[in-house]
Participant: 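Sending over a structure as structure tokens; questions will come in a sec.
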Amino acid sequence: MVIRRGSHAFKDLINTYRMIEQDDFDINTRLHTIVRGEDEAAMVESVGLALVKLPDVLNRLKPDIMIVHGDRFDALALATSAALMNIRILHIEGGEVSGTIDDSIRHAITKLAHYHVCCTRSAEQHLISMCEDHDRILLAGCPSYDKLLSAKNKDYMSIIRMWLGDDVKSKDYIVALQHPVTTDIKHSIKMFELTLDALISFNKRTLVLFPNIDAGSKEMVRVMRKKGIEHHPNFRAVKHVPFDQFIQLVAHAGCMIGNSSCGVREVGAFGTPVINLGTRQIGRETGENVLHVRDADTQDKILQALHLQFGKQYPCSKIYGDGNAVPRILKFLKSIDLQEPLQKKFCFPPVKENISQDIDHILETLSALAVDLGGTNLRVAIVSMKGEIVKKYTQFNPKTYEERINLILQMCVEAAAEAVKLNCRILGVGISTGGRVNPREGIVLHSTKLIQEWNSVDLRTPLSDTLHLPVWVDNDGNCAALAERKFGQGKGLENFVTLITGTGIGGGIIHQHELIHGSSFCAAELGHLVVSLDGPDCSCGSHGCIEAYASGMALQREAKKLHDEDLLLVEGMSVPKDEAVGALHLIQAAKLGNAKAQSILRTAGTALGLGVVNILHTMNPSLVILSGVLASHYIHIVKDIIRQQALSSVQDVDVVVSDLVDPALLGAASMVLDYTTRRIY
């Protein structure tokens with residue numbers, strides 16, 4: 001049953017109720033409950049009028065559950081009527097924080113509602129802190145995101161031309177939507193005037209939507225008409241745009257400006273730049289696409305913000321939803337027992353932490369998609385908040401850029417789909433890759449020789465656009481350090497260093513709990529510390545580096561030399577003709593008593609040990625963690641070298657072997673889990 005009321009009854013708003021009918025809903029009752037006047041008194045009278053008219057309607061319809069959405073004053077009247085008439089209320093989008101009277105209305109509806117559907121983790125925590133029963137809270141995401149995340153690829157140019165003109169291009173126009181702030185009407189009108197002046201000066205085609213019907217909107221419309229916005233060649237002023245078309249307009253805009261919740265919530269799904277003006281949305285969670293101009297008291301400030309934001313493209317944000325809200329809500333509705341007592345129960349402290357209820361009240365696992373780009377294999381894993389690898393996918397790493405990027409996208413899409421079946425909520429994507437990486441931009445600057453066609457590669461944009469998830473990228477050595485900080489032996493330590501001993505030698509430095517990247521993202525290239533002026537050639541072009549002695553490639557080189565001279569194999573070992581000689585064969589020979597193999601390993605361990613001594617003298621960490629397949633073979637030699645060569649003040653620093661199985665994947669996941677939980681929750 002649908003009740004049409006409020007502004008949906010206004011003819012001058014293009015009869016928006018027709019959109020409800022087009023979605024095959026029967027409108028059971030039409031109520032005119034809004035008193036025109038657009039001032040504070042009219043808002044109060046509208047609530048009173050609704051309270052007078054609603055009881056008769058509710059008595060006639062006798063709904064089992066009343067669904068109330070959002071934080072509008074007319075929604076408060078509906079919730080009040082339903083609560084007093086003993087009708088169960090399900091409130092959608094409670095627990096959020098903005099910055100106006102809407103906050104008070106939203107929280108008042110929360111206290112009246114029996115069931116709650118919220119959009120973000122922090123909103124869920126707010127509801128729990130407000131003593132709502134966590135068993136009656138569903139973290140579903142924003143229902144509009146279900147439509148948003150499937151809408152961007154539709155034909156949009158015809159929609160842009162229809163609303164803005166035939167000569168307008170994608171990303172070359174602005175959408176403006178600004179409402180009055182009912183707690184400071186005078187200032188909000190002045191701010192709207194400054195916004196229009198800035199838009200006129202900025203000289204871009206702009207679609208201006210009329211403000212809502214809150215107190216102060218009438219004065220804002222007068223400002224529009226005073227400035228001739230409806231007749232200005234650069235402006236198109238409209239009262240309503242159908243939702244499907246509005247999605248396309250904001251998705252392909254060069255910028256959105258104003259103070260609508262749409263700008264800080266829904267528009268993030270497309271990565272469209274947003275300028276949020278004033279205090280109306282000051283408490284909202286936002287993606288990095290939102291630039292706040294809280295004191296929008298001069299035209300110049302707003303104009304500068306337009307110059308900063310217009311035409312940018314940000315990673316798509318899924319703070320408010322992942323596109324699966326509606327199925328969750330439907331299942332939640334079906335699970336409601338209409339026979340249980342109607343009286344609300346409030347759950348006063350203690351408050352449970354990190355509760356994420358799915359429809360069946362099963363804990364939904366907060367997870368990350370982790371990608372590890374190695375020289376041989378490409379791996380993708382679903383990793384839980386606790387560091388558990390829920391599922392892992394492995395493929396050979398293709399040799400060309402085109403094949404590699406397509407395979408990454410394919411594997412991530414498949415893993416994301418599988419995550420839903422595994423009851424895992426993916427918060428973002430973390431990528432660990434060899435080479436020098438700019439983590440701020442998500443770009444691989446220079447790769448190692450092991451990964452071809454992998455220089456100046458933007459990894460963030462294609463993954464973010466495809467998955468609608470935030471994406472983080474970093475060097476594999478740095479990721480190993482992050483893995484130790486979150487899940488391994490570096491947990492809780494302020495300063496430590498991780499050294500990876502694998503095909504190459506890499507590392508990561510944690511200083512004062514933070515990862516060190518360096519001024520040109522070249523910090524912690526520990527494999528290229530020089531330990532001998534006349535040592536063997538290194539893949540970096542220098543010689544005498546740790547990597548030239550102690551890496552898997554270096555051991556393989558020495559193993560081949562011995563094998564070619566028939567000095568590798570000893571009794572009890574063999575190498576099949578179709579198998580390449582490698583580092584493991586050298587280690588096996590050393591274990592079986594091959595003196596030359598033992599000497600090579602000792603030299604390699606000594607080089608690594610000298611590198612660790614240099615690290616101890618330079619960084620003075622409290623712990624050094626050796627990671628990778630060769631770590632256990634080097635640990636004792638490294639400790640011996642420290643005792644022989646290090647200053648006495650650092651000889652007590654512990655050197656340990658990592659106990660993490662997949663540090664690259666875990667480190668990639670930790671970028672997502674640490675950032676999203678700190679930022680969102």
Participant: Can a donor-acceptor pair be found, under 3.5 Å and without considering hydrogens, that links the side chain of Asn455 to the backbone of Ser447?
Facilitator: yes
Participant: Report, one line per pair, each donor and acceptor closer than 3.5 Å where one atom sits in a side chain of residues 434-444; sequence neighbours left out.
Facilitator:
{"from": "Arg436", "atom 1": "NH1", "to": "Ser520", "atom 2": "O", "distance (Å)": "2.7"}
{"from": "Arg436", "atom 1": "NH2", "to": "His446", "atom 2": "NE2", "distance (Å)": "3.1"}
{"from": "Asn438", "atom 1": "OD1", "to": "Arg440", "atom 2": "N", "distance (Å)": "3.0"}
{"from": "Asn438", "atom 1": "OD1", "to": "Glu441", "atom 2": "N", "distance (Å)": "3.3"}

Participant: Do the non-hydrogen side-chain atoms of Ile257 and Val274 ever get within less than 4.5 Å of each other?
Facilitator: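 A side-chain contact under 4.5 Å is absent here.
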Participant: When you measure from the side chain of Glu193 to the backbone N and O of Ser188, does any donor-acceptor pair fall under 3.5 Å?
Facilitator: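 Judged by distance alone, no pair lies under 3.5 Å.
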Participant: State which residue, out of His126, Glu124, Met130, fulfils the side-chain contact (heavy atoms from CB on, under 4.5 Å) condition with Ile128.
Facilitator: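 Result for side-chain contact (heavy atoms from CB on, under 4.5 Å) with Ile128: Glu124.
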Participant: State which residues pass side chain to side chain donor-acceptor pair (under 3.5 Å) with Ser98; sequence neighbours excluded, sorted by chain then number.
Facilitator: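 By the side chain to side chain donor-acceptor pair (under 3.5 Å) rule, Ser98 matches Asp103, Arg106.
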Participant: Before you tell me yes or no, could you show the steps for Arg265 and Glu93 under salt bridge (charged side-chain N to carboxylate O under 4.0 Å, His left out), namely the whole-Å CA-CA distance, both residues' side-chain angles and the distance that decides it to 0.1 Å?
Facilitator: CA-CA 11 Å; Arg265 291 168 57 97; Glu93 295 184 10; 3.0 Å; yes
Participant: List for me each residue that meets side-chain contact (heavy atoms from CB on, under 4.5 Å) alongside Ile105, sequence neighbours excluded, and say none if there are none.
Facilitator: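 With sequence neighbours excluded, Ile105 shows a side-chain contact (heavy atoms from CB on, under 4.5 Å) to Phe73, Leu76, Ile101, Ile109, given in chain and number order.
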Participant: For residues 408-422, which residue pairs pass the salt bridge (Lys or Arg N to Asp or Glu O under 4.0 Å) check, not counting sequence neighbours?
Facilitator: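 Qualifying pairs: Lys391-Glu418.
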Participant: What ring-ring contact (aromatic ring centres under 6.0 Å, His included) pairs are there with at least one residue in residues 158-182, not counting sequence neighbours?
Facilitator: none
Participant: Ignoring hydrogens and geometry beyond distance, is a side-chain donor-acceptor pair present between Gln178 and Thr195 at under 3.5 Å?
Facilitator: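 Thr195 and Gln178 do have a side-chain donor-acceptor pair below 3.5 Å.
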Participant: Strictly under 6.0 Å, is that where the ring centroids of His307 and Phe202 end up?
Facilitator: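 When the ring centroids of His307 and Phe202 are compared, they turn out to be within the sub-6.0 Å range.
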Participant: Sequence neighbours excluded, which residues qualify as side chain to side chain donor-acceptor pair (under 3.5 Å) partners of Asp197?
Facilitator: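 Result, side chain to side chain donor-acceptor pair (under 3.5 Å) vs Asp197: Lys227.
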Participant: Filter on salt bridge (Lys or Arg N to Asp or Glu O under 4.0 Å), then keep only pairs touching residues 199-211, sequence neighbours left out; what's left?
Facilitator: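 The answer is Asp167-Arg205, Asp172-Lys204.
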Participant: Could you check whether any side-chain heavy atom of Val383 comes within less than 4.5 Å of a side-chain heavy atom of Val390, counting everything from C-beta outward?
Facilitator: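 Not touching, per the 4.5 Å side-chain cut-off.
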Participant: Ignoring hydrogens and angles, tell me if any N or O in the side chain of Arg425 forms a donor-acceptor pair with the backbone of Leu366 under 3.5 Å.
Facilitator: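 No: the side chain of Arg425 does not pair with the backbone of Leu366.
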Participant: Please find the pair of heavy atoms, one from His69 and one from Ala75, that lie closest to each other, and give the distance.
Facilitator: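 Looking at all heavy atoms of both residues, the shortest contact is O-CB, 3.9 Å.
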Participant: Any side-chain heavy atom of Asn212 within less than 4.5 Å of one from Pro180?
Facilitator: yes
Participant: Under a 4.5 Å cut-off applied to non-hydrogen side-chain atoms, are Leu164 and Leu249 in contact?
Facilitator: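 They are in side-chain contact.
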Participant: At what distance, to the nearest 0.5 angstrom, does CD1 of Ile431 lie from CD1 of Ile408?
Facilitator: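 The distance works out to 6.0 Å.
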Participant: Using modelled atom types only, decide if a donor and an acceptor are shared between the side chain of Thr365 and the backbone of Ser367 within a distance under 3.5 Å.
Facilitator: no
Participant: List the residues meeting side chain to side chain donor-acceptor pair (under 3.5 Å) with Asn203, not counting sequence neighbours, and say none if there are none.
Facilitator: Asn234
Participant: For His517, give me all partners under side chain to side chain donor-acceptor pair (under 3.5 Å), at least two apart in sequence or on another chain.
Facilitator: Asp474
Participant: Can you list the residues that meet the side-chain contact (heavy atoms from CB on, under 4.5 Å) rule with Ala523, with sequence neighbours excluded?
Facilitator: Ile516
Participant: What I'd like to find out is whether the side chain of Leu277 reaches to under 4.5 Å of the side chain of Ile302, using heavy atoms alone.
Facilitator: yes
Participant: Going by heavy atoms in the side chains, are Thr433 and Val473 under 4.5 Å from each other?
Facilitator: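 In contact.
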Participant: With sequence neighbours excluded, tell me which residues meet salt bridge (charged side-chain N to carboxylate O under 4.0 Å, His left out) with Lys190.
Facilitator: none
Participant: State which residues pass side-chain contact (heavy atoms from CB on, under 4.5 Å) with Ser158; sequence neighbours excluded, sorted by chain then number.
Facilitator: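 Testing Ser158 for side-chain contact (heavy atoms from CB on, under 4.5 Å), a comparison that skips the adjacent residues, returns Asp155.
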